[in-house]
Amino acid sequence: MEFEYEEIITGQEISYLHICERKLWLFRHGIRPEMEYGNVQIGMLIGEKSFSREKKEIPLGEWGVLDWADFDGGIIHETKKGRSPGHGDRAQVGYYLWLLNTHGVRVDQAQIHYPVIRKTDVVEWNDECARQVENDIMTVRDLVRRETPPPLIRKGICRKCAYEEVCFA
Amino acid sequence: MNLYLTNSGRLRRKDNTLLFERVTLPDETDCDDEIESDTLDEVTADAKNALPVETIDAIYIFREVTINSKLMIFLAQKHIPVHFFNYYGHHSGTYLPHVEQLSGDLVIRQAAAYVDMETRMKICRSLLDATIHNIHSVVGYYARRNPMLREVKQQIKDYGETLCNASNPNELMGIEGTVRRLYYGAWSGWLGDMKTNFQRTYHPPETPLNALVSFVNSLLYTAFVSELYRTALYPGISFLHSPQSRRFSLALDLTEPFKPIMADRMIFRLWNTHSIGDRDFMKGTNGFVLSDPSRRKILAEWDALLRDTIYLKSLDRSVSYRQLLRLDCYKLINFLLEGRDYHPFRMEY
């Protein structure tokens, strides 16, 4: 498949779709305050510290990066800093499963690790997963084509979001 | 956190952090003498300080400091701008690394907003409305103790209300100019030592107070340059000031509402408490030179002001003055992206 730059959707963006459409739109349009944001920097650090024994990050082309993987066992792993399973996490790993399986890499399962609460969530690769991902991709494409960002809605998660100041300045 | 280098010396990258080697140079008696760089590079340092680079937002250099490419590349990696000031405390330039956030879409909207006179006027009016409001607030603060100021306070308010009638940027600037003249004229109403009305002069400043105003304004300007750098806005496209006026002309625009409430109020405080006065300035050929201890005093005050916090209703929490600058950048972004009403920061006293 040939992808133009605009066509490539990353795992992070699929995750944003399920967290907040406005966040996704802003991110796609180059507004990225994450780099400054304390919570994001901590998240990057946890990723580095928790699974340092295993083979480190596996880049998936332009689409994203896997935290680590066990290809022989057909499992990919993702580490998340949060205290509760995030809305976008399952969608993000589902996307990675879709990318790998549709490119001929057999992966059956994705495990999302939450070291802070010591829990693991499992996403299976199946038809339902594939359908959800294809739906997500279309939704993302339509959303970012809009002229103006999705309207502002204050939610509980805004307090912890790197974009809070951008949205509510 | 900003790093202010008020001593001469050498700034280097050491492993993954910064090293500043302080080198005391012979006192400059005449600012036009160039200090030989050989001296700076060879002389043993008086002191060496390692500086944690992760906590630094921007670096300010006020004296002669040698740098090298290894350092600059490192600073660029860490996204740290460097602001250079000359002997007279005049901002001579800023080294800005590659952009952090690239939004071609936003830049195009900035340009489109400039080209469309109606949109441009909307932005300019919002900026000047807030600026005049803030000037009015400052005068109002002092008018409470000095009733003689009430008249000029009212005049400022009346002129502010004519902004909506202006039909082009020149008319707006005319109104702003009038308000500023009234404002400067009122300074003698609270700056105790003044015998005559304050006259604003620059290039070069004609009195030490003017030199102080120019210096603090450039601290505010560079603070905005640093904040703009952390957003996706292109600092070269401005609305109020002509985009050709400077490389970061948008920073000039955005500082206007903050000059009265941040820069000027700090100056009044320093001047009225005799913390800084005429005695701290030396007359040079091209302006006034601040003594080192007074420069450090001003920088310490300024830095403390940047970190000072106030409660913001829209976010329902406290923010620092520095964050206020960033938030005003975001307000402009929201205006350009979705037409949200643009209201730069207003202060009430």
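Chain A is the first sequence line, chain B the second, and so forth, proteins listed ahead of strands; every chain is numbered from 1.
Neither the backbone nor the side chain of Asp328(B) comes within contact range of chain A; no heavy atoms are under 4.5 Å apart. Contact annotation for Leu337(B): both backbone and side-chain heavy atoms come within less than 4.5 Å of a heavy atom of chain A. In this structure, chain A has heavy atoms under 4.5 Å from both the backbone and the side chain of Leu315(B).
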(request) Verify side-chain contact (heavy atoms from CB on, under 4.5 Å) between Arg317(B) and Arg159(A), making sure each step is shown before the conclusion. (result) CA-CA 10 Å; Arg317(B) 59 180 164 88; Arg159(A) 220 21 175 193; 4.1 Å; yes
(request) Let me see the working for Arg22(A) and Glu338(B) under salt bridge (Lys or Arg N to Asp or Glu O under 4.0 Å), right down to the final yes or no. (result) CA-CA 12 Å; Arg22(A) 189 180 168 88; Glu338(B) 57 186 357; 3.0 Å; yes
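Here Asn334(B) contributes atom CG and Leu26(A) contributes atom CG; the two are 7.5 Å apart, rounded to the nearest 0.5 Å. To the nearest 0.5 angstrom, Arg109(B) atom CZ is 6.0 Å from Glu147(A) atom CD.
Between Leu312(B) and Glu165(A) the shortest side-chain heavy-atom distance does not fall below 4.5 Å. In this structure the side chain of Thr231(B) never reaches within 4.5 angstrom of the side chain of Val166(A), judged on heavy atoms. Side chains of Leu152(A) and Arg340(B) form a contact here, defined as non-hydrogen atoms less than 4.5 Å apart. Pro33(A) is listed as a side-chain neighbour of Tyr330(B), based on a closest heavy-atom distance under 4.5 Å. When side chains are defined from C-beta on, Glu34(A) does not count as touching Gln101(B), because their heavy atoms never get closer than 4.5 Å.
Other residues, nucleotides and ligands contribute over 12 non-hydrogen atoms within 6.0 Å of the CZ atom of Arg154(A). Within 6.0 Å of CZ on Phe20(B) lie more than 12 heavy atoms contributed by other residues, nucleotides or ligands. Other residues, nucleotides and ligands contribute more than 12 heavy atoms inside 6.0 Å of the CG atom of Asn126(A).
Between chain A and the residues Leu324(B), Leu233(B), Leu102(B), the most heavy-atom pairs under 4.5 angstrom are made by Leu102(B). Note: Asp316(B) leads Ile333(B), Val319(B), Asp316(B) in heavy-atom pairs under 4.5 Å with chain A.
In this structure, the side chain of Ser103(B) engages the main chain of His29(A) through a donor-acceptor pair within 3.5 Å.
Among all heavy-atom pairs drawn from Ala169(A) and Ser314(B), the shortest one is C-OG, 4.4 Å.
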